[in-house]
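Predicted model only: the values in this text are computed from it and were never measured. We're numbering straight along the sequence, starting at 1.
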Amino acid sequence: MILMKRLLVGALAGTMVLSMAACGGNAPASSAAPAGSGAAASAGGTLNVMVEVEVATLDPQIATDGTSFEVIANYTDGLMQMDKNGKAVPALAEKTDVSKDGKTYTFHLRDAKWSNGDPVTADDFVFGWQRAADPKNASEYSYMLSDIGQIKNAADVIAGKKPLTDLGIKAVDDKTLEVQLNVPVSYFQSLMYFPTFYPVNRKFYQSLPAGTFATSPKTVLSNGAFVLDSYEPAAQSFSLVKNKNYYDAGKVKLDGLKYQVIKDSQQAFMSYQNGDLDIVKLSGDQVDQVKDDPELKVVGAGYLWYLTMNSHDVPALNNVNMRLALSNALNRKSIVDDVVKDGSVATYTAVPPQFAAGPDGSDFSADQNKFKDVCADDTAKAAQYYAKAKKELGKDKFSFELLLEDQTETQNVAAVLKEQIEKALPGVTLNLKVEPKKQRVEDIQNGKYQVCLTRWGPDYADPMTYLGMWVTGNDNNYGLWSNKKYDSIIADCTTGAYVSDPSARWKAMYDAEKIVMDEAVIAPVYTKADANMIKSGVTGIEFHPVALNRVYKSAAKG
């Protein structure tokens with residue numbers, strides 16, 4: 001455990017670099033970097049990579065999960081990308097100009113090509129962003145354009161009140177893209193490496209039969225480090241090869257990537273030991289077995305695992321005291337120490353630690369005791385809330401269904417959660433329902449659940465990546481919770497009184513988080529770390545707790 005804690009400190013230090021760059025002050029007036037040039041790097045072999053779940057979709061404007069984001073980013077570049085420290089640096093945008101008022105961004109595109117030979121143009125970004133905003137596509141991440149990115153007219157376009165052409169993005173010419181914002185957004189450039197903001201070749205897309213985009217190598221184009229070589233929906237294995245025509249090909253050393261979907265961690269570890277995989281994630285007792293192995297690398301993954309509760313459709317869960325009882329019945333420390341065992345951190349806040357730094361550089365959630373009155377590992381307190389709930393609801397027996405996905409670690413955690421809750425709250429029965437991840441996500445998005453063990457990873461380095469989820473009507477507000485005061489605070493932090501006052505905004509976001517915790521909108525469980533086994537000789541994989549967890553552009557296999 002000493003080794004893992006030391007590695008996590010290093011991960012946190014790297015995270016703070018990103019957070020301060022994204023959250024502090026105004027964006028620079030101009031940023032530029034030369035395109036990669038020179039001879040292509042020597043061949044580096046094919047990297048064999050394990051993922052725990054299938055790719056849900058390769059459509060950048062529809063994808064919502066980390067596995068899909070990782071694969072899409074392997075073969076697509078956006079305007080910006082992350083450097084090894086997580087800072088936003090130029091990708092397809094060779095240069096960026098920002099107006100003095102911070103509301104107009106002009107991106108100057110470099111010479112780059114799609115894998116069919118077409119040049120990457122400003123219109124590709126216009127088309128991609130319009131797809132994200134188009135109400136016909138019902139993108140779960142459309143709010144990244146409106147609520148988070150504050151792109152002009154985005155909210156009205158998404159609501160169907162204005163045409164797509166009114167979205168605040170236009171192609172000045174083939175190589176010049178102009179974006180208009182409602183208000184300054186200090187982290188706007190860091191949003192540009194998120195897949196929702198990726199370009200789509202309009203002519204290519206419109207040439208495909210309806211519904212076939214991004215379902216096979218023939219129905220996607222690459223402008224990134226790799227090209228999709230083999231893939232079909234729900235595939236258990238798929239591959240990518242190096243893009244020899246990539247503008248920055250000189251930095252790409254690997255010949256390609258081969259993915260294998262392995263949900264059972266023991267099977268994955270055996271494949272690693274047999275030499276079939278170069279990188280795997282371990283958990284539980286496996287981590288104890290290899291804690292002194294030099295091939296172990298523990299990194300902060302950023303994801304918050306939490307219980308979401310359907311307070312809208314389940315009467316007992318509409319009771320605040322019942323939700324508080326469930327939250328305080330948990331023993332989070334036992335879960336991370338005795339079940340997960342990979343360096344994950346017990347979490348008692350709605351915004352997890354280790355990813356967002358404020359105006360003074362401090363971690364927004366460093367103090368994990370700030371809501372101890374309503375969220376703690378405290379069975380006595382849980383019993384008090386439970387007694388109130390039983391009295392208010394007029395009954396003393398409750399049965400809830402806990403939805404979870406078919407992945408080893410998640411099932412192990414859920415089994416312990418069931419044991420903890422049923423022991424601490426006599427009369428409560430928690431029935432486990434296991435589903436594939438894609439189905440689980442669809443069910444919680446459609447309100448077809450009671451309690452669900454789910455996760456959310458930070459899309460950008462600001463607390464709003466979590467707090468924005470619980471605004472009334474947000475697609476990721478799975479419990480359909482609503483609070484006018486909360487909505488008002490979030491509005492002030494995104495478009496209102498606090499936009500130009502970072503310190504006041506930071507305090508207001510804490511006030512908003514307190515409402516979420518006081519009402520137990522969610523029950524946070526733990527912030528994920530990844531215990532990776534990486535073969536010796538494999539170098540250059542970049543790990544990030546924000547947006548894209550793993551990047552292979554600079555990876556090599558010796």
Legend entry - Worked check of side-chain contact (heavy atoms from CB on, under 4.5 Å) between Glu295 and Met533: CA-CA 5 Å; Glu295 292 187 346; Met533 290 296 287; 3.9 Å; yes
Inset, instruction - May I have the step-by-step check of salt bridge (charged side-chain N to carboxylate O under 4.0 Å, His left out) for Glu54 and Lys263, ending in yes or no? - result: CA-CA 9 Å; Glu54 300 88 349; Lys263 300 179 182 181; 3.1 Å; yes
Inset, instruction - Evaluate the side-chain proximity of Arg131 to Asp59: yes if any heavy-atom separation is below 4.5 Å, no if none is. - result: yes
Inset, instruction - Provide the closest heavy-atom pair for Pro352 versus Thr527 in the form atom of the first, atom of the second, distance. - result: CB-OG1, 3.2 Å
Legend entry - Any donor-acceptor N or O pair under 3.5 Å, side chains Gln180, Thr104: yes
Inset, instruction - Check whether the side chains of Ser68 and Thr57 place a donor and an acceptor atom closer than 3.5 Å, and report yes or no. - result: no
Legend entry - Test item: Arg440 side-chain N/O and Glu435 main-chain N/O as donor-acceptor pair under 3.5 Å: no
Legend entry - Audit row: Asp443, Gln439, side chain to side chain donor-acceptor pair (under 3.5 Å) steps and yes/no: CA-CA 6 Å; Asp443 283 348; Gln439 184 62 50; 2.9 Å; yes
Inset, instruction - In plain terms, say whether Asp123 and Arg202 are close enough for a salt bridge, that is, a side-chain N and a carboxylate O under 4.0 Å apart. - result: yes
Legend entry - 4.5 Å side-chain heavy-atom contact, Val287 and Val298: no
Inset, instruction - Determine yes or no for a side-chain-to-main-chain donor-acceptor pair under 3.5 angstrom, with Gln150 supplying the side chain and Asp147 the backbone. - result: yes
Inset, instruction - Any ring-ring contact (aromatic ring centres under 6.0 Å, His included) involving residues 252-284? Give me the pairs, sequence neighbours left out, ordered by first then second residue. - result: Phe238-Tyr259
Legend entry - Any side-chain donor near an acceptor of the partner, Thr219 and Thr212, under 3.5 Å: no
Legend entry - Summary of ring-ring contact (aromatic ring centres under 6.0 Å, His included) pairs that have at least one residue in residues 44-93, sequence neighbours excluded: Phe69-Tyr141, Phe69-Phe194
Legend entry - Pair listing, ring-ring contact (aromatic ring centres under 6.0 Å, His included) test, anchored in residues 109-133, at least two apart: Phe127-Tyr205, Trp129-Phe197
Legend entry - Nearest heavy atoms of Tyr193 and Leu548, plus distance in Å: O-CD1, 3.8 Å
Legend entry - Partners meeting side chain to side chain contact (heavy atoms under 4.5 Å, CB included) with Val538 (sequence neighbours left out): Leu47, Asp278, Ile534, Lys535, Ile541, Lys557
Legend entry - Residue list, salt bridge (charged side-chain N to carboxylate O under 4.0 Å, His left out) with Glu542, at least two apart or on another chain: none
Legend entry - Ion pair check, Lys528 and Asp530, cut-off under 4.0 Å: yes
Inset, instruction - Start with the C-alpha gap between Lys242 and Asp255, add the side-chain angles, then the distance that decides, and say whether side-chain contact (heavy atoms from CB on, under 4.5 Å) holds. - result: CA-CA 5 Å; Lys242 180 177 178 177; Asp255 292 328; 5.5 Å; no
Inset, instruction - Would you name the heavy atoms of Tyr526 and Ser344 that are closest together and state the gap between them? - result: CD1-CB, 3.6 Å
Inset, instruction - Tell me, yes or no, whether the heavy-atom count around Lys175 atom NZ, taken from other residues, nucleotides or ligands under 6.0 Å, exceeds 12. - result: yes
Legend entry - Check: Pro458 main-chain N/O paired with Thr465 side-chain donor or acceptor under 3.5 Å: no
Legend entry - Any side-chain heavy-atom pair of Tyr247 and Asp77 under 4.5 Å: yes
Legend entry - Side chain proximity check, Asn223 to Tyr198, heavy atoms < 4.5 angstrom: no
Legend entry - Nearest heavy-atom neighbours spanning Met469 and Asn474: O-CB, 3.4 Å
Legend entry - Atom pair CZ/CG of Phe188 and Leu181 - distance to nearest 0.5 Å: 5.0 Å
Inset, instruction - Check whether any side-chain heavy atom of Pro199 lies under 4.5 Å from a side-chain heavy atom of Leu92, and answer yes or no. - result: yes
Legend entry - Partners meeting side chain to side chain contact (heavy atoms under 4.5 Å, CB included) with Asn274 (sequence neighbours left out): Asp276
Inset, instruction - Check whether any side-chain heavy atom of Thr76 sits under 4.5 Å from a side-chain heavy atom of Pro195, and report yes or no. - result: no
Legend entry - Validation row: Asn243, Val252 side chains within 4.5 angstrom (heavy atoms): no
Legend entry - Asn137 CG to Ile158 CD1 distance, which is reported to the nearest 0.5 Å: 11.5 Å
Inset, instruction - To the nearest 0.5 Å, tell me how far Leu304 CG sits from Gln354 CD. - result: 11.5 Å
Legend entry - Nearest-0.5 Å distance, CD of residue Glu52 to CG of residue Asp406: 11.0 Å
Inset, instruction - Determine the minimum heavy-atom distance between Pro90 and Met80, stating which atoms define it. - result: N-CE, 3.8 Å
Legend entry - Donor-acceptor side-chain pairing of Gln289 and Asp285 below 3.5 angstrom: no
Legend entry - Centroid-centroid distance, Phe355 to Tyr466, less than 6.0 Å: yes
Inset, instruction - Supply the atom-to-atom distance Leu403 CG to Thr308 OG1, rounded to the nearest 0.5 angstrom. - result: 10.5 Å
Legend entry - Residues Asp475, Tyr143; criterion side-chain contact (heavy atoms from CB on, under 4.5 Å); working and verdict: CA-CA 9 Å; Asp475 288 335; Tyr143 74 97; 5.9 Å; no
Legend entry - Flag side-chain contact, heavy atom, 4.5 Å: Tyr105 against Glu178: no
Inset, instruction - Kindly give the heavy-atom pair with the smallest separation between Ser365 and Pro353, and that separation in Å. - result: O-CB, 3.7 Å
Inset, instruction - Compute whether any side-chain donor of one residue and acceptor of the other, for Asn549 and Tyr303, lie under 3.5 angstrom apart. - result: yes
Legend entry - From NZ (Lys281) to OG1 (Thr408), nearest 0.5 Å: 13.0 Å
Inset, instruction - Please lay out, stage by stage, how Met50 and Ile279 fare under the test side-chain contact (heavy atoms from CB on, under 4.5 Å). - result: CA-CA 6 Å; Met50 166 235 181; Ile279 176 172; over 6 Å; no
